[in-house]
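Step one of this worksheet: look at the structure below.
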Amino acid sequence: MSERKVRVRFAPSPTGPLHIGGVRTALFNYLFAKKHGGDFLLRIEDTDQARYVPGTEEYIQEALEWCGITIDEGPKQGGPFAPYRQSERKDLYRQYAEQLLESGHAYYAFDTPEELDLARTKAEANGETFTYNALSRGQMKNSLSLTGETWQALLSSSTHYVIRFKMPDNLDVTEVDLIRGSVTFNTALLDDKVLFKSDGMPTYHLANVVDDHLMEISHVIRGEEWLPSMPLHVLLYRAFGWENTMPRFTHLPLILKPEGKGKLSKRDGDKLGFPVFPLLWKDKVTGEPSRGYREDGYFPDAFINMLALLGWNPGTEQEIFSMAELCETFTLERVGKSGARFDPEKTKWFNHQYFIKKSDLELGKLLLPLLKEKGVAADLNMATKVSGMVKERCNFVSEIWEQSYFLFQAPVSYDEKIVSKRWKDDVPAMMVEISIFFEALENWSAPLIKEPFSEYVTGKQWNFGTVMNSLRLCLVGGSFGPDIFDICEIIGQSETVIRIRKGVETIKI
RNA sequence: GGUCUGUUCAUCUAAGGGUUAGGAUUCAAGAUUUUCAUUCUUGCCAUAGGGGUUCGAAUCCCCUACAGACUACCA
């Protein structure tokens, strides 16, 4: 084995926002690189002008940045193998295609899209599928079937042509996939893939192999959907004579829909109410927004932690990992072979874990802008205190507000279910007495309310549960929130009394 | 249709020939908190099916079923 430096690349095409699966592929590449002290590069595969979506490249950069995946070399950060955008490398690919032409590994093909369609429909009529290969290429229009004069004339008459790979007739191609073991394909079932398009751009297959070679990529880690094209790529390395520096291949299992069949798509997120993108994305033409984990209030480290455990596991029972720990622990050998169903619930759980680990002050800082937005006058001190009170029951900063808004403003309605459950005939009278009791209290702090209050209720021989729940209903409007005496302390004595009396007036049995 | 890949609780997964098949999430129940939540305990729940190989199989082999990916001048 050579001591080659580990260099991996994440090579998305800018055809839309990066989704979770893409982020995970990037993450695994990154972790693998960092584990081995190697480089992680970003290469933009924009060889298809027709599908180019503006803004996507920036999105990809920003998303990786948010995730804490740092790019060693890329279009924005540069590097010794620049440019990292395939459209800017356009001129480079031509000579490699020609090299293949000269060595007899490729040929010109002049079939028009219409002719190809015709061949396909004809084959279909016979219950077969058309494959451009050793069997059929003799009948097609190309530099193998036509006489030299004919095709050279076509070539010089500026007829549109493509360059196709001359797939060997019947050859077993075996290659090792680092997580699946060795996989064998027979070339008889493969077709003569287009390497160079009539628009002067290479296809993915050519560009990918050429760039990986030129950029000295040591390991190709990509999604499982690429597994079927591995033999073509291997054959290309052989045809170029680059076999001894060929990268090792690894195909990652897919991320599947939470329910039903198939791989995770944007629609699943819409349907089940969870984001499938790291960042918010607004469709440039329809303006339709797609939710992002960042905007939904997930912490990037929680998001990454969740993604890392989707398809990979450390073999221990540890579930919470920092990026540094992941870099340390990650191995491709421990990546599973089978597709993993995405679980939005567990994603929330991961966020909760990171959420409760944050200090009250950190959460307070995050909460403060939200309070301002709600038009509430509160300082950092208050935001911190409130965060500490309710964080255990929250997954997101926005939930702090949901769990504590009544500390800033009186409830405007009362949960009907709780009313019918708790607000019995004798309750209003109790509440009135309690309000008088509270009004008379001299010290107003949670412990100094709780003690005399408990004695008072006991003395009255009231049911504690009834009293507490009814009181809660008056103060917060429902049956949730932090400790009642803490609430009393924060909203203050007079507000407490006001809310109880308001409740007595408003709540109907 | 063809090729390739896969299949352990509802979900993520551990166990790389020998364990009562372990953990986590979700859900449910109980305890605690005379309120809310936390917390704790418990429960439910799995080796797709069938054949081999073996003293012994979730693990190795074969078949079947199911699932997924791919099958473009898209990546």
Side-chain angles (χ1 to χ4, degrees), chain A residues 11-15 45-48 50-51 86 109 111-113 116-117 120 124 127-132 160-164 177 180 183-186 188-191 193-205 207-208 222-231 251 253-254 256 258-259 261-263 306 309-319 333-334 336-350 356 389-394 403 422 450 454 457-458 463-473 475-476 478-487:
Chain A
S13 61
T15 53
E45 311 233 322
D46 53 352
T47 51
D48 185 355
R51 294 206 311 154
Q86 288 185 329
D111 315 276
T112 64
L116 289 169
D117 275 347
R120 287 194 189 97
E124 232 170 275
E128 293 160 4
T129 41
F130 173 75
T131 315
Y132 210 119
H160 279 269
Y161 66 89
V162 299
I163 297 173
R164 283 183 184 270
D177 176 293
R180 273 156 233 280
V183 184
T184 302
F185 298 83
N186 189 289
L189 289 329
L190 272 20
D191 63 341
K193 274 273 176 295
V194 171
L195 300 178
F196 204 81
K197 302 186 270 186
S198 59
D199 66 358
M201 278 287 207
T203 60
Y204 166 80
H205 301 292
N208 162 269
R222 76 233 295 196
E224 192 184 334
E225 66 269 27
W226 294 111
L227 191 51
S229 51
M230 183 165 73
H251 295 90
L254 265 16
L256 275 17
E259 46 189 55
K261 318 167 170 184
K263 63 176 177 180
M306 173 280 292
L309 271 297
L310 203 56
W312 172 83
N313 79 85
T316 64
E317 284 178 3
Q318 183 178 352
E319 290 202 278
E333 291 70 41
R334 294 212 64 92
K337 294 179 175 66
S338 52
R341 231 174 242 280
F342 182 71
D343 184 352
E345 285 307 316
K346 188 130 190 192
T347 311
K348 280 187 196 157
W349 178 82
F350 273 110
I356 57 178
M389 278 166 71
V390 300
K391 73 174 181 187
E392 289 288 354
R393 70 201 78 186
C394 297
Q403 287 292 334
R422 303 289 184 191
K450 182 175 180 173
S454 303
V457 172
T458 310
N463 178 293
F464 220 96
T466 306
V467 172
M468 294 299 271
N469 284 300
S470 306
L471 193 50
R472 179 175 289 281
L473 186 60
L475 298 178
V476 318
S479 73
F480 59 97
D483 179 81
I484 285 196
F485 303 104
D486 284 338
I487 297 174

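Keep in mind the model is a prediction, meaning the values are calculated, not measured.
For Phe130(A), the ring pair (Phe, Tyr, Trp, His ring centres under 6.0 Å) criterion is met by no residue, not counting sequence neighbours. Residues meeting the salt bridge (charged side-chain N to carboxylate O under 4.0 Å, His left out) test with Arg51(A), sequence neighbours left out: Asp48(A). Phe350(A) pairs by the ring pair (Phe, Tyr, Trp, His ring centres under 6.0 Å) definition with nothing, not counting sequence neighbours. For the side chain to side chain donor-acceptor pair (under 3.5 Å) test, residues two or more places apart in sequence or in another chain that qualify with Gln86(A) are Glu45(A), Asp211(A). For Arg222(A), the side chain to side chain donor-acceptor pair (under 3.5 Å) test picks out Tyr204(A), His233(A), His251(A), with sequence neighbours left out. Partners of Tyr161(A) by ring pair (Phe, Tyr, Trp, His ring centres under 6.0 Å), not counting sequence neighbours, listed by chain and number: Tyr108(A). With sequence neighbours left out, Glu345(A) forms a salt bridge (charged side-chain N to carboxylate O under 4.0 Å, His left out) with Lys348(A). The side chain to side chain donor-acceptor pair (under 3.5 Å) check on Lys193(A) picks up Asp191(A), with sequence neighbours excluded. Scored by the side chain to side chain donor-acceptor pair (under 3.5 Å) test, Asp343(A) finds no partners at all (sequence neighbours excluded).
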Which pairs, protein N/O on one side and nucleotides 13-15 of chain B N/O on the other, fall under 3.5 Å?
unit_1: rU13(B); atom_1: OP1; unit_2: Gly311(A); atom_2: N; d: 3.0
unit_1: rU13(B); atom_1: O3'; unit_2: Asn313(A); atom_2: ND2; d: 3.0
unit_1: rA14(B); atom_1: OP1; unit_2: Asn313(A); atom_2: ND2; d: 2.7
unit_1: rA14(B); atom_1: O3'; unit_2: Arg334(A); atom_2: NH2; d: 3.4
unit_1: rA15(B); atom_1: OP1; unit_2: Arg334(A); atom_2: NH2; d: 3.3

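Taking atom P on both rG23(B) and rA31(B), the two are 24 Å apart, rounded to the nearest angstrom. Rounded to a whole angstrom, the distance from the C1' atom of rC9(B) to that of rC45(B) is 5 Å. Nucleotides rA15(B) and rA21(B) place their P atoms 16 Å apart, quoted to the nearest Å. Here, rU5(B) and rC40(B) have their C1' atoms 44 Å apart, quoted to the whole Å. Spacing between rU42(B) and rA37(B) at atom P, rounded to whole Å, works out to 22 Å. Comparing the same atom, C1', in rU13(B) and in rA72(B) gives a spacing of 37 Å after rounding to whole Å. Distance check on atom P: rC44(B) versus rA24(B) gives 15 Å, rounded to whole Å. With P as the reference atom, rC60(B) and rG16(B) are 11 Å apart, rounded to whole Å.
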*side-chain contact (heavy atoms from CB on, under 4.5 Å) evaluation trace for Phe196(A) with Val162(A)*: CA-CA 6 Å; Phe196(A) 204 81; Val162(A) 299; over 6 Å; no
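Across all strands shown, rG68(B) forms a Watson-Crick or G-U wobble pair, both distances under 3.5 Å, with rC4(B). With a 3.5 Å ceiling on both atom-pair distances, rC9(B) lacks any Watson-Crick or G-U wobble partner. Remark: rA31(B) base-pairs with rU39(B). Criterion, Watson-Crick or G-U wobble with two distances under 3.5 Å. Nucleotide rA58(B) forms a pair with no other nucleotide shown, judged by Watson-Crick or G-U wobble geometry with both contacts under 3.5 Å.
The pair Glu128(A)-Arg120(A) does not meet the salt-bridge criterion, since no charged nitrogen lies less than 4.0 angstrom from a carboxylate oxygen.
Of the inter-residue distances, the one linking Asp483(A) atom CG with Arg472(A) atom CZ reads 7.5 Å to the nearest 0.5 angstrom.
Using a 4.0 Å heavy-atom cutoff across all strands shown, Thr184(A) reaches sugar-phosphate atoms only and no base atom.
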*Take nucleotides 21-40 of chain B nucleotide by nucleotide from the 5' end and write B, S or -, depending on whether a protein heavy atom sits under 4.0 Å from the base, only from the sugar-phosphate, or from neither.*
-SSBS--------BBBSS--
_Base versus backbone protein contacts along nucleotides 61-75 of chain B [heavy-atom cut-off under 4.0 Å; B, S, -]_ = ------SSSS--BBB
